[in-house]
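Hydrogens, waters and symmetry mates play no part in the numbers below; they use all other heavy atoms, side chains included. Chain identifiers are assigned alphabetically (A, B, ...) following the order of the sequence lines, protein sequences preceding nucleic acid strands; residue numbering begins at 1 within each chain.
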Number of protein chains: 2
Amino acid sequence: MKESKTTGEILREEREKKGLLLRQVAAMLDIDTAILSKIERGERKASKEQIIKLAEILELDEEALIVQYLSKKILYEIKDEELGSKALKAAEQKMKYNNKNNS
Amino acid sequence: MKESKTTGEILREEREKKGLLLRQVAAMLDIDTAILSKIERGERKASKEQIIKLAEILELDEEALIVQYLSKKILYEIKDEELGSKALKAAEQKMKYNNKNNS
DNA sequence: ATTATATTTGACACTTATTGTCAAGATAAA
DNA sequence: TTTATCTTGACAATAAGTGTCAAATATAAT
């Protein structure tokens with residue numbers, strides 16, 4: 001059963017491919033090395049702004065990274081909820097409805 | 001264009017139908033009257049525990065209320081996001097995948 | 001109109017999450 | 001083994017969430 005890579009794993013791989021040090025990338029993000037280390041190992045999560053900057057720095061697909069970031073956030077909200085799946089579907093419905101009426 | 005009722009509106013209507021005072025229901029929830037007032041007017045959001053108790057007290061469909069509660073929470077996470085819709089779909093996919101492999 | 005009761009409002013306090021720094025310890029490279 | 005890099009955990013600062021309280025408003029009863 002092949003698991004897909006986590007965001008952190010991708011970030012680390014790409015950083016190393018480019019031969020960049022944690023220190024260097026962290027400086028570009030204006031945070032301490034420790035945080036970036038933790039982000040790459042999945043111990044902390046990056047903010048949306050950090051994701052965007054990382055996509056630039058590492059030349060990754062920004063949209064894909066953000067979608068992954070947001071979907072993780074969503075799943076976190078409902079991770080222990082029996083009704084999570086129903087809630088997701090309800091959210092999609094409401095979203096459709098709003099788009100129809102606001103745009 | 002008929003808007004559906006907010007959770008707060010439903011809670012207020014049902015409380016009044018039952019002839020209960022804010023003070024009384026707030027006491028059952030063990031919170032200050034002010035908070036319940038704000039919940040009913042949508043100025044604050046109820047916790048999940050409060051939603052459950054309110055469903056009992058007001059004899060409302062607990063599952064429906066919780067689904068509404070969770071879906072609001074989800075939508076709040078992506079409310080300003082262009083990619084919100086894609087993120088929702090991605091979350092559903094991941095959820096399906098996990099269910100397949102964990103259960 | 002006055003009083004009594006119910007609700008709303010806003011300022012504040014407490015708690016928990018989030019996001020960061022720092023420095024010491026562990027790893028790996030030279 | 002020295003040097004550079006990365007990891008770890010204790011801590012600090014800030015933001016978000018959740019509540020109290022009391023004064024202001026609104027509603028209802030006499």
Side-chain angles (χ1 to χ4, degrees), chain A residues 5-55 57-58 65-66 68-81 87, chain B residues 5-55 57-58 65-66 68-81 87:
Chain A
K5 284 174 196 160
T6 66
T7 306
E9 285 165 350
I10 294 169
L11 294 175
R12 172 147 297 187
E13 274 178 22
E14 293 304 315
R15 176 175 63 77
E16 290 177 342
K17 268 191 201 163
K18 288 200 146 38
L20 294 168
L21 300 175
L22 275 181
R23 173 164 47 78
Q24 298 174 310
V25 175
M28 297 191 230
L29 295 177
D30 196 30
I31 57 174
D32 194 279
T33 306
I35 295 184
L36 185 53
S37 167
K38 286 169 187 168
I39 288 171
E40 287 186 347
R41 284 170 302 104
E43 195 184 312
R44 292 239 185 147
K45 56 181 181 180
S47 71
K48 196 192 163 194
E49 286 63 38
Q50 289 163 350
I51 289 287
I52 291 170
K53 278 195 191 168
L54 284 166
I57 295 166
L58 304 175
L65 273 190
I66 292 178
Q68 189 172 17
Y69 165 80
L70 289 174
S71 64
K72 281 238 175 83
K73 220 163 136 183
I74 290 168
L75 288 173
Y76 182 79
E77 291 292 326
I78 57 177
K79 67 179 182 323
D80 302 320
E81 298 292 342
Chain B
K5 284 174 196 160
T6 66
T7 307
E9 284 165 350
I10 293 169
L11 294 175
R12 171 145 298 184
E13 274 178 22
E14 292 303 315
R15 177 176 60 80
E16 290 178 342
K17 269 190 199 163
K18 288 199 146 42
L20 294 167
L21 299 176
L22 275 181
R23 171 163 49 78
Q24 299 174 308
V25 175
M28 296 190 233
L29 295 178
D30 195 31
I31 56 173
D32 195 278
T33 305
I35 295 184
L36 185 54
S37 168
K38 287 168 186 170
I39 288 172
E40 288 186 348
R41 286 170 301 103
E43 195 183 314
R44 292 239 186 150
K45 56 181 181 183
S47 72
K48 196 190 164 196
E49 287 63 38
Q50 289 164 348
I51 289 288
I52 291 171
K53 279 195 191 169
L54 283 166
I57 296 166
L58 303 176
L65 270 191
I66 292 179
Q68 190 171 16
Y69 165 78
L70 289 175
S71 64
K72 282 240 174 83
K73 219 163 135 182
I74 291 168
L75 288 173
Y76 181 79
E77 291 293 328
I78 58 176
K79 65 178 182 325
D80 303 319
E81 298 292 342

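Between B:Arg44 and the phosphate of D:dG17, there is no side-chain N or O to OP1/OP2 separation shorter than 4.0 Å. OP1 or OP2 of D:dG17 has not a single side-chain nitrogen or oxygen of B:Gln50 nearer than 4.0 Å. Residue B:Arg41 places at least one side-chain N or O closer than 4.0 Å to OP1 or OP2 of C:dT9. Checking the phosphate oxygens (OP1, OP2) of C:dT8, a side-chain nitrogen or oxygen of B:Ser37 falls inside 4.0 Å. Contact between the side-chain N/O atoms of B:Arg12 and the OP1/OP2 oxygens of C:dT8 is found at a separation under 4.0 Å.
We find that CZ of A:Arg23 is positioned 16 Å from P of C:dT21, with the value rounded to whole Å. In this structure, B:Glu77 atom CD and C:dT18 atom C1' are separated by 13 Å, rounded to whole Å. A:Leu29 has its CG atom 16 Å from the C1' atom of C:dT21, to the nearest Å. In this entry the distance linking CD of B:Glu49 with P of C:dT16 reads 14 Å, nearest Å. In this structure, A:Ile39 atom CD1 and D:dT7 atom P are separated by 12 Å, rounded to whole Å. Put simply, CG on A:Leu20 is 12 Å from P on D:dT5, counting in whole angstrom units. Going from atom CG of B:Leu21 over to atom C1' of D:dA26 covers 15 Å, rounded to whole Å. Nucleotide D:dC6 holds its C1' atom 11 Å from the CD atom of A:Glu16, rounded to whole Å.
In summary, B:Glu9 and B:Arg12 do not engage in a salt bridge, as defined by a charged side-chain N under 4.0 Å from a carboxylate O.
Residue A:Ile31 is in sugar-phosphate contact alone, with no base atom involved, counting any heavy-atom pair closer than 4.0 Å across all strands shown. In this structure, A:Gln24 reaches neither bases nor backbone, as no heavy-atom distance under 4.0 Å exists between it and the strands shown.
Taking CG of B:Leu29 as the start and CD1 of B:Ile39 as the end, the distance is 7.0 Å to the nearest 0.5 Å. Within the model, atoms CZ of A:Arg15 and CD1 of A:Ile10 stand 14.5 Å from one another, a figure rounded to the nearest 0.5 Å.
Looking at the side chain of B:Arg15, the nearest of the listed nucleotides C:dT7, C:dT19, C:dT8 is C:dT7. Checked against D:dG17, D:dG19, C:dA6, the side chain of B:Ile35 finds its nearest nucleotide in D:dG19. Nearest to the side-chain atoms of B:Asp32 among the listed nucleotides D:dT20, D:dT18, C:dT7 stands D:dT20. Set against C:dT8, D:dA4, C:dT19, the side chain of B:Leu22 has C:dT8 as its closest nucleotide.
Judged by closest nucleotide on DNA chain D, B:Tyr76 is the one of B:Ala34 and B:Tyr76 placed further toward the 5' end.
Results of the side-chain contact (heavy atoms from CB on, under 4.5 Å) test with A:Tyr69 over A:Ile74, A:Ile51, A:Ile52 single out A:Ile51 as the only residue that passes.
The side-chain tip of A:Lys73 does not point at the ring of A:Tyr76 from less than 6.0 angstrom away and within 45° of straight on.
Of all heavy-atom pairs between A:Gln68 and A:Thr6, the closest is NE2-C, 4.3 Å.
A donor and an acceptor atom sit less than 3.5 Å apart, one in the side chain of B:Lys38 and one in the base of C:dG10.
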